[in-house]
Amino acid sequence: MHKLLSKDFFNRPTLQVAQELLGKFLVRKIGHRKIFGIITEVEAYIGPKDKASHASRGRTKRTEVMFGKPGYWYVYLIYGMYYCLNIVTEKEHYPAAVLIRSIVTSDSHSNILKNIRIDEVRGPGKVCKYFKIDKRFNAKHANKKTGLWIAAHSPSERASPNKVGREDYGIKISPRQIKRGKRIGVDYAGKWKDKPWRFYVVG
DNA sequence: AGATTGATCCAT
DNA sequence: TGGATCAATCTG
């Protein structure tokens, strides 16, 4: 089983969701192929007051999705060139989301826990490029029908489930592997710019 | 450090 | 309607 993360997972405090997303699998289905990666870096954008968040300008056509239901994608174009992927969190009408900044990837022939052929994709623009994500996903539910979702376990068909040392066991991130820091690229956000709402995996 | 690039938002 | 801005990335 792939254990697709559901609305209940995202309908919680954003800082908690953000940290728990580390180690989860981002999965993109294109035709019959699946691309997947393990989430290694995220940032939280929380509430209507957070000046670093697009939602601080209120409900607009663009930010509407952040005020919507948890478990939906918020995808926007930045600098006219790069897409950024967020997953909406918390209850409807409270604007919050988690930006997925980095992943590590491994194809189905690899064994992640054996550390064979792991590629890092660092930066939200590069994550979207790697997964072929664009505005079409904006405001879509994160599920298999959409073709883009988050799972607790690897979608690999090859690995055996529930065996330690196999991909399908999932990735356990210990608290000591998680670092916390300021969000990137939000120096304009006044007192909000220094909020330690970025989480990333080391080692 | 500078260029790139276009959707978005708000003040004309 | 115009123009500043921007949750980034690449090249020097």
Side-chain angles (χ1 to χ4, degrees), chain A residues 5 9-10 12-24 26 28 35 37-90 93-105 118-142 146 148-150 178-202:
Chain A
L5 299 186
F9 179 89
F10 299 104
R12 292 184 300 147
T14 305
L15 290 179
Q16 191 174 346
V17 173
Q19 291 174 78
E20 291 182 24
L21 278 176
L22 297 175
K24 297 295 191 293
L26 180 60
R28 172 85 163 94
I35 306 172
I38 301 163
I39 296 169
T40 54
E41 183 187 6
V42 297
E43 280 175 0
Y45 290 84
I46 310 171
K49 300 276 183 57
D50 180 4
K51 283 288 185 290
S53 171
H54 296 156
S56 65
R57 298 185 180 273
R59 276 188 195 248
T60 67
K61 189 174 180 183
R62 178 210 215 184
T63 63
E64 184 64 26
V65 62
M66 286 189 73
F67 290 81
K69 293 175 186 164
Y72 281 67
W73 297 116
Y74 169 42
V75 181
Y76 63 90
L77 183 67
I78 189 67
Y79 298 109
M81 278 179 277
Y82 305 104
Y83 291 101
C84 291
L85 177 69
N86 301 251
I87 187 80
V88 174
T89 58
E90 312 221 20
H93 302 127
Y94 183 82
V98 175
L99 171 67
I100 297 174
R101 292 192 57 91
S102 301
I103 59 115
V104 293
T105 184
I118 288 178
D119 297 315
E120 294 180 277
V121 181
R122 293 188 187 174
K126 289 195 284 188
V127 167
C128 284
K129 187 178 177 187
Y130 180 79
F131 285 96
K132 297 181 170 33
I133 293 163
D134 59 30
K135 286 234 74 155
R136 299 194 313 267
F137 290 97
N138 187 51
K140 294 289 198 299
H141 190 33
T146 304
L148 183 65
W149 67 92
I150 300 172
I178 299 178
K179 296 278 189 183
R180 182 173 186 167
K182 298 174 185 177
R183 294 173 293 181
I184 306 291
V186 295
D187 288 347
Y188 57 85
K191 73 171 185 180
W192 298 91
K193 77 178 170 68
D194 294 324
K195 296 283 183 188
W197 290 354
R198 169 175 172 249
F199 301 93
Y200 54 103
V201 179
V202 294

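Below, read A as the first sequence line, B as the second, and so on, with proteins coming before strands; counting in each chain starts at 1.
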Task: Distance under 6.0 Å and angle within 45° of ring axis: A:Arg28 vs A:Tyr130 - done: no
Open item on the list: For the CG atom of A:Leu26 and the CD1 atom of A:Ile35, what is their distance to the nearest 0.5 Å?
Closed with: 9.5 Å
- [ ] Quickly work out the A:Arg183 CZ to C:dC6 C1' distance and round it to whole Å.
- [x] 15 Å
TODO: Considering non-hydrogen atoms only, spot the tightest contact between A:Leu22 and A:Glu41 and give its length.
DONE: CD2-N, 3.6 Å
Task: Sorted by number, the residues of residues 53-63 of chain A with heavy-atom contact under 4.0 Å to DNA chain B - done: A:Arg57, A:Thr60, A:Arg62
- [ ] Please confirm whether the backbone N or O of A:His54 pairs with a side-chain atom of A:Arg57, one donor and one acceptor, at under 3.5 Å?
- [x] no
TODO: Can you run through DNA chain C from 5' to 3' and write each base as (, ), [, ], | or . depending on how it pairs? Watson-Crick or G-U wobble, both distances under 3.5 Å.
DONE: ||||||.||||.
TODO: Whole angstrom is fine here: how far is it from NZ in A:Lys51 over to P in C:dC6?
DONE: 13 Å
Open item on the list: Applying a 4.0 Å non-hydrogen cut-off, can you work out what A:Lys135 is touching in the nucleic acid: base, sugar-phosphate, or nothing?
Closed with: sugar-phosphate
Task: Under 3.5 Å: donor-acceptor pair, side chain of A:Arg180, backbone of A:Pro196 - done: yes
Task: Any donor-acceptor N/O pair, A:Thr60 side chain to A:Thr63 backbone, under 3.5 Å - done: yes
Open item on the list: Suppose we call a contact any N or O donor and acceptor under 3.5 Å apart; does that hold for the side chain of A:Tyr76 and the base of C:dA7?
Closed with: yes
Task: Distance in angstrom units between A:Glu43 CD and C:dC6 P, rounded - done: 15 Å
- [ ] Specify the separation, in whole Å, of atom CG of A:Asn86 and atom P of C:dC6.
- [x] 17 Å
- [ ] Say whether, by atom type as modelled, one donor and one acceptor occur between the side chain of A:Asp50 and the main chain of A:Tyr45 under 3.5 angstrom.
- [x] no
TODO: Measure the distance from CZ on A:Arg101 to C1' on C:dT9 and round it to the nearest whole Å.
DONE: 11 Å
- [ ] Using whole Å, report how far CH2 of A:Trp197 lies from P of C:dA7.
- [x] 15 Å
Open item on the list: Please tell me whether A:His93 and A:Phe67 form a close aromatic pair, meaning their ring centres lie under 6.0 Å apart.
Closed with: no
Open item on the list: Taking 5.5 Å and 30° as the limits, would you call A:Tyr45 and the base of C:dA7 a stacked pair?
Closed with: yes
Open item on the list: Given 3.5 Å as the limit, does a donor-acceptor pair link the side chain of A:Thr146 with the main chain of A:His141, or not?
Closed with: yes
Between the protein and nucleotides 10-12 of chain C, which nitrogen or oxygen pairs come in under 3.5 angstrom?
none

Task: Nucleotide B:dC9, atom P - distance to OH of A:Tyr188 in whole Å - done: 13 Å
Task: Atom pair distance, as rounded to whole Å: OH in A:Tyr130 and C1' in C:dT9 - done: 19 Å
Task: Inter-residue atom distance A:Leu85.CG - A:Tyr83.OH, 0.5 Å rounding - done: 12.5 Å
Open item on the list: Let's see if you can work this out: which of C:dA8, C:dA7, B:dT4 has an atom nearest to the side-chain heavy atoms of A:Tyr79?
Closed with: C:dA8
Task: With A:Glu43, the salt bridge (Lys or Arg N to Asp or Glu O under 4.0 Å) member among A:Lys195, A:Lys182, A:Arg101 - done: A:Arg101
TODO: Give, for atom NZ of A:Lys135 and atom CH2 of A:Trp73, the distance between the pair rounded to the nearest 0.5 Å.
DONE: 15.0 Å
